[in-house]
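Let me begin by presenting the structure, written as structure tokens, before commenting on it.
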Amino acid sequence: MAILKITDGSNNEIEVKGRMTFKISKVVDENGEESQVCLGQMATHKYFEEITKIETDRFKLENVEVIEETFGTNDFNILYDFEVNDFG
């Protein structure tokens with residue numbers, strides 16, 4: 001597990017243990033215009049009502065929008081699927 005710094009909707013920065021992965025893909029629209037989309041997943045025990053930023057030692061993802069949360073009866077972690085509007 002890694003240390004993740006999560007910024008919530010109230011601008012509080014909270015450190016948690018968890019895992020995060022993301023991918024950046026090229027998307028071509030119907031007009032042939034190319035853009036990039038960044039989608040990812042994060043797993044941690046703590047529940048967040050809203051997530052706006054995720055930071056690790058290597059990455060800083062801002063303007064995070066959670067699009068799905070997954071819970072399980074025997075799972076310790078909550079899985080967050082997210083989209084990022086500002087990455088680099």
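None of the values given here were measured: they were computed from a predicted structure.
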Is [Y] close to [X] at the side-chain level, that is, under 4.5 Å between some pair of heavy atoms?
X: Leu4; Y: Glu55; answer: no
X: Thr44; Y: Tyr80; answer: yes
X: Val37; Y: Glu83; answer: yes
X: Tyr47; Y: Glu69; answer: yes

Donor-acceptor pairs under 3.5 Å, side chain of residues 13-31 to any protein atom, not counting sequence neighbours: which ones?
unit_1	atom_1	unit_2	atom_2	d
Asp29	OD1	Asn31	N	2.9
Asp29	OD1	Gly32	N	3.1
Asp29	OD1	Glu33	N	2.9

Using 0.5 Å steps for rounding, measure from the [atom1] atom of [X] to the [atom2] atom of [Y].
X: Asp8; Y: Ile6; atom1: CG; atom2: CD1; value: 9.5 Å
X: Asn12; Y: Thr52; atom1: CG; atom2: OG1; value: 9.5 Å
X: Glu50; Y: Ser10; atom1: CD; atom2: OG; value: 8.0 Å

Asn11, CG: over 12 other non-hydrogen atoms inside 6.0 angstrom: no
Please report the closest heavy-atom contact between [X] and [Y], naming both atoms and the distance.
X: Phe82; Y: Met42; answer: CE2-N, 3.8 Å
X: Asn85; Y: Glu65; answer: ND2-OE1, 4.4 Å
X: Asn77; Y: His45; answer: OD1-N, 3.1 Å

same_hphob_cluster(Ile54, Ile78) at 4.5 Å side-chain heavy-atom cutoff: yes
Shared hydrophobic cluster, Val66 / Phe59 (ILVMFWY, side-chain heavy atoms < 4.5 Å): yes
Thr56 side-chain N/O to Arg58 backbone N/O, donor-acceptor pair under 3.5 Å: yes
